[in-house]
A.B. asks: 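Here it is, the structure, as structure tokens.
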Number of protein chains: 2
Amino acid sequence: MVVTLKDVAERAGVSRSAVSRAYTEGASVSEKTRKKVEKASRELGYSPSLIARSLATNRTKLIGLVANNFQNPIFLEVFDLYTRALQERGLRPLLVNLTNETNPEHSVQMLRQYNVDGVIVATSTLQPRFSRAFKNANMPVVHAFGRFEQGSPVHVVGIDNLACGRMAADTLMRHGYKKIAFLGGPQMATSTQDRASGFLSQLKASNIEIADVVYATAYNYDAGQEAMLELLGNQQVDAIFCGDDLICMGAMDAARNNGLAIPDDIGFLGFNDMHMSAWSAYNLSTIRQPTPDIILSSIELVVSLVDDPERAMETRIFPCSVVERGTLKPLKP
Amino acid sequence: MVVTLKDVAERAGVSRSAVSRAYTEGASVSEKTRKKVEKASRELGYSPSLIARSLATNRTKLIGLVANNFQNPIFLEVFDLYTRALQERGLRPLLVNLTNETNPEHSVQMLRQYNVDGVIVATSTLQPRFSRAFKNANMPVVHAFGRFEQGSPVHVVGIDNLACGRMAADTLMRHGYKKIAFLGGPQMATSTQDRASGFLSQLKASNIEIADVVYATAYNYDAGQEAMLELLGNQQVDAIFCGDDLICMGAMDAARNNGLAIPDDIGFLGFNDMHMSAWSAYNLSTIRQPTPDIILSSIELVVSLVDDPERAMETRIFPCSVVERGTLKPLKP
DNA sequence: TTGATTTTTGCAACCGGTTGCAAAAAAAAT
DNA sequence: ATTTTTTTTGCAACCGGTTGCAAAAATCAA
């Protein structure tokens, strides 16, 4: 039924090892036998079984891609980049959806059963105990979009959320806003905490008192809308820094539904610069996170970790930048 | 280093077969040895290797999930549902990104190397030769969101796009529109062709002449916007049926940017009912595709195909429905 | 031509499980 | 207590590859 190494070997009149070697980069085979093997396998339509190879080599070419937010379109961009970049390197993503999962052991189990070569945790909202659990199970793990901190037990590739918070504060002040609020993502997410803390400290440093701080319950549109309604119930504000573009869109729609004009009555600054932020219905000024850089770098890192698990702990931080669009009033001259 | 069957067997004082059987549903083991095995593997932290099991059983529990559109957020909803539903059944999705891929053999290669148990092609824009190539490579394959047609060589789960096109026409006429245009997705997609053809035939049956027909070059926002600009250059229309919600949003924004009010100057009817369609910035009237039903059904089908590859060819069609929101003027009384 | 050196090859064991088969043990029937 | 039947167990082969090692073949040097 299915063509195996043995069939090819017989047809080519060589040993099984010879066939195996013909398919192994840098193995010791003469040009003559390689040609014979190639011919035979072409005629038979042979393609080697990665499963069998995995068993022998203890390498599966599978990378666990762990995510827990399938509501935010930014993650479609993330998956797109990951799948393509992994594919190009001959690796395959094994997608693990941790929405509503609370027990790290389950996920460890899943990934270990498939013997993944490495794990990339691609989210900023998963509790650190998950990546730590993978680490403890002896898998090479990289936390992409994770928190940047000293002495982290896992490799991190991401951004400096504190610096980004400060950048957001500077941007709003530069645009002349005074009554500034923060509308963050879920409060237990480290990204939210850091963005908030950088933002608040920078305002304080300029002697501007924060007008309000609210947190959305999730990184999605509905939660943004709800949080904005809560905020509107409080005192007047003239600008809001949102912890995420999607949340920001929810907030903007809530503001408009309450008769507020953007940016005349109220300014918005988002975070991420997802594709949709450029849509004219939002035209969102935002802080861009260099997603492709983070993704590529996290792949490089996890790949190198496979060959050298004891590699020195590393955190790679990429700079963010402000993207000016239409949700902030023009700069003071 | 890693705990194997043998280690557990030794510790439990039984044979390797006994351990294997303890982990196999319905195998012949006494309660006593099962307990011994459980205890030993708990103490050792054993978890069986699916790779090794796959080699022996010729079942990998991997399902190839083939997609080619990572720009349309509807696919994030699709991935979410697939990953969770597969996960619940002890299966894992192997995500294959076919953006820009033109050679079916490449994808066949990939999936065969990993010995996937089955393949779900989840897209309406992939050329049929791809799913046929999988089929020819002897993999159980289901085309979700595929074209419904007699004598299809692969199993299909989806909707009747012709009927949906007619439903769209009826809806627009019911709302009193007369100068109606069609703004489709890519013209070579079967879904586009069928929606167009059902739509046009139904208008003709009511003696309404179609005002214009244009096609977006991709199922995404930018393409929708461009196509709308093209359409605006032609004669006046008062309502548009778009072949996809995302395209529709692009078109709506283009219309608004040209000073048109929705639905007073121009009405829009979308397709899919993605989450975003309910956002107040669009509040899109649309035709709902029962995505969860299609996904669950396609999983059931591919799973049953694994055990019975010769199963009679089947096409499962789910009904669509109209979701009335705010982009069509109110019904005539 | 002969001997030394390098390259290529095949054997056989191994990766970590599953499973058909026959023997052993347990349970039921006589 | 003995025989028959049923259940449980271990042996050994197998799934489809890889790889260390020693033998064989090819190449080079003298």
Side-chain angles (χ1 to χ4, degrees), chain A residues 1-38 40-41 44-62 90 109 111-117 138 307, chain B residues 1-38 40-41 44-62 90 109 111-117 138 307:
Chain A
M1 170 89 194
V2 61
V3 185
T4 79
L5 200 68
K6 192 155 146 274
D7 304 322
V8 177
E10 277 166 11
R11 173 146 198 142
V14 298
S15 73
R16 290 165 51 215
S17 338
V19 179
S20 172
R21 290 192 179 107
Y23 277 94
T24 314
E25 195 75 12
S28 166
V29 226
S30 68
E31 201 50 36
K32 192 158 48 135
T33 53
R34 163 169 283 130
K35 283 274 183 291
K36 279 197 283 187
V37 168
E38 268 170 16
S41 42
L44 261 37
Y46 170 71
S47 81
S49 156
L50 277 187
I51 300 290
R53 174 177 295 172
S54 297
L55 191 56
T57 60
N58 203 23
R59 288 284 142 78
T60 54
K61 303 261 180 191
L62 287 172
Q109 199 82 348
L111 292 168
R112 215 173 28 186
Q113 285 189 333
Y114 279 100
N115 251 359
V116 294
D117 287 348
N138 273 318
D307 295 318
Chain B
M1 171 90 192
V2 61
V3 186
T4 78
L5 198 69
K6 188 153 148 277
D7 304 322
V8 178
E10 277 166 11
R11 173 147 199 142
V14 297
S15 72
R16 288 165 53 215
S17 338
V19 179
S20 172
R21 292 193 176 102
Y23 277 94
T24 314
E25 195 74 12
S28 166
V29 227
S30 68
E31 201 49 37
K32 190 157 49 133
T33 53
R34 163 169 284 130
K35 283 273 183 290
K36 278 198 283 187
V37 168
E38 269 169 16
S41 43
L44 261 38
Y46 170 71
S47 81
S49 157
L50 277 188
I51 300 289
R53 173 177 295 172
S54 297
L55 191 56
T57 59
N58 203 24
R59 287 285 141 81
T60 53
K61 303 261 180 192
L62 288 173
Q109 199 80 348
L111 293 167
R112 216 175 27 190
Q113 285 189 335
Y114 278 100
N115 251 1
V116 294
D117 287 348
N138 272 318
D307 295 319

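Proteins come first, then strands; the chains are lettered A, B, ... in the order of their sequence lines, and each starts at number 1.
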A.B. asks: For residues B:S54 and A:I51, report the shortest heavy-atom separation together with the two atoms involved.
C.D. replies: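 Between these two residues, the closest heavy atoms are CB-CG2, 3.9 Å.
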A.B. asks: Looking only at the side chain of B:V29 (C-beta and beyond, no hydrogens), which of the listed nucleotides C:dC15, C:dT8, D:dT9 gets closest?
C.D. replies: D:dT9
A.B. asks: How close do B:S47 and A:Q109 get, counting heavy atoms only, and between which atoms?
C.D. replies: CB-NE2, 4.0 Å
A.B. asks: Checking contacts here: which listed nucleotide (D:dG16, D:dT9, C:dT18) is nearest the side-chain heavy atoms of B:R53?
C.D. replies: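 Taking heavy atoms from C-beta onward, the closest nucleotide is C:dT18.
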A.B. asks: I'd like to know if the side chain of A:T60 reaches the main chain of A:N115, judged simply by a donor and an acceptor atom lying under 3.5 Å from each other, with no hydrogens or angles considered.
C.D. replies: yes
A.B. asks: Ignoring hydrogens and geometry, is there a side-chain-to-backbone donor-acceptor pair from B:S20 to B:R16 under 3.5 Å?
C.D. replies: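 No, because the side chain of B:S20 does not come within donor-acceptor range (under 3.5 Å) of the backbone of B:R16.
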A.B. asks: Nearest-Å distance, CD (B:Q113) to P (D:dG16)?
C.D. replies: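 Answer to the nearest Å: 16 Å.
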A.B. asks: Please report, rounded to the nearest Å, how far the P atom of C:dG16 is from the CZ atom of A:R112.
C.D. replies: 13 Å
A.B. asks: I need the CD1-C1' distance between A:I51 and D:dG16, as an integer number of Å.
C.D. replies: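 The answer, rounded to whole Å, is 11 Å.
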A.B. asks: Does the side chain of B:T33 get closer than 4.0 angstrom to OP1 or OP2 of D:dT9 through an N or O atom?
C.D. replies: yes
A.B. asks: Counting side-chain heavy atoms from CB outward, which of C:dG17, D:dT18, D:dT9 is closest to B:L5?
C.D. replies: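 That would be C:dG17.
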A.B. asks: What nucleic acid atoms does A:S30 come within less than 4.0 Å of, heavy atoms only: base, sugar-phosphate, or nothing?
C.D. replies: sugar-phosphate
A.B. asks: For residues A:D307 and A:R59, report the shortest heavy-atom separation together with the two atoms involved.
C.D. replies: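 Heavy atoms only, the tightest pair is OD1-NH1, 3.7 Å.
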A.B. asks: Enumerate all atom pairs, one protein N or O and one N or O from nucleotides 22-29 of chain C, separated by less than 3.5 Å.
C.D. replies:
none

A.B. asks: Going by heavy atoms closer than 4.0 Å, what residues in residues 13-22 of chain A are next to DNA chain D?
C.D. replies: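 Per residue number, the list reads A:R16, A:S17, A:S20, A:R21.
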A.B. asks: Could you state the atom-to-atom distance from CG of A:N58 to P of D:dG17 in whole Å?
C.D. replies: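 Computing the A:N58:CG to D:dG17:P distance gives 18 Å.
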A.B. asks: Provide the closest heavy-atom pair for A:K61 versus A:D117 in the form atom of the first, atom of the second, distance.
C.D. replies: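 Taking every non-hydrogen atom into account, N-OD2, 2.7 Å.
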A.B. asks: Compare every heavy atom of B:V29 with every heavy atom of B:A18, then report the nearest pair and how far apart it is.
C.D. replies: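 So the minimum-distance heavy-atom pair works out to O-CG1, 4.2 Å.
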A.B. asks: Which is it for A:E31 and A:R34 under the side chain to side chain contact (heavy atoms under 4.5 Å, CB included) test, yes or no, and what are the steps along the way?
C.D. replies: CA-CA 5 Å; A:E31 201 50 36; A:R34 163 169 283 130; 3.9 Å; yes
A.B. asks: B:L44 has an atom CG; how far is it from atom P of C:dG16, in whole Å?
C.D. replies: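 In whole Å, C:dG16 P lies 14 Å from B:L44 CG.
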A.B. asks: Does C:dG17 have OP1 or OP2 under 4.0 Å away from a side-chain N or O of B:Y46?
C.D. replies: yes
A.B. asks: Would B:V8 and B:R11 satisfy side chain to side chain contact (heavy atoms under 4.5 Å, CB included), going step by step from the backbone distance to the final call?
C.D. replies: CA-CA 5 Å; B:V8 178; B:R11 173 147 199 142; 5.8 Å; no
A.B. asks: Send over the distance from B:L55 CG to D:dC14 C1', rounded to a whole Å.
C.D. replies: 9 Å
A.B. asks: Whole angstrom is fine here: how far is it from CZ in B:R59 over to P in D:dG16?
C.D. replies: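 Spelled out: CZ on B:R59 to P on D:dG16 is 13 Å.
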A.B. asks: Using whole Å, what does the distance between atom C1' of nucleotide D:dT7 and atom CZ of B:R34 come to?
C.D. replies: 14 Å
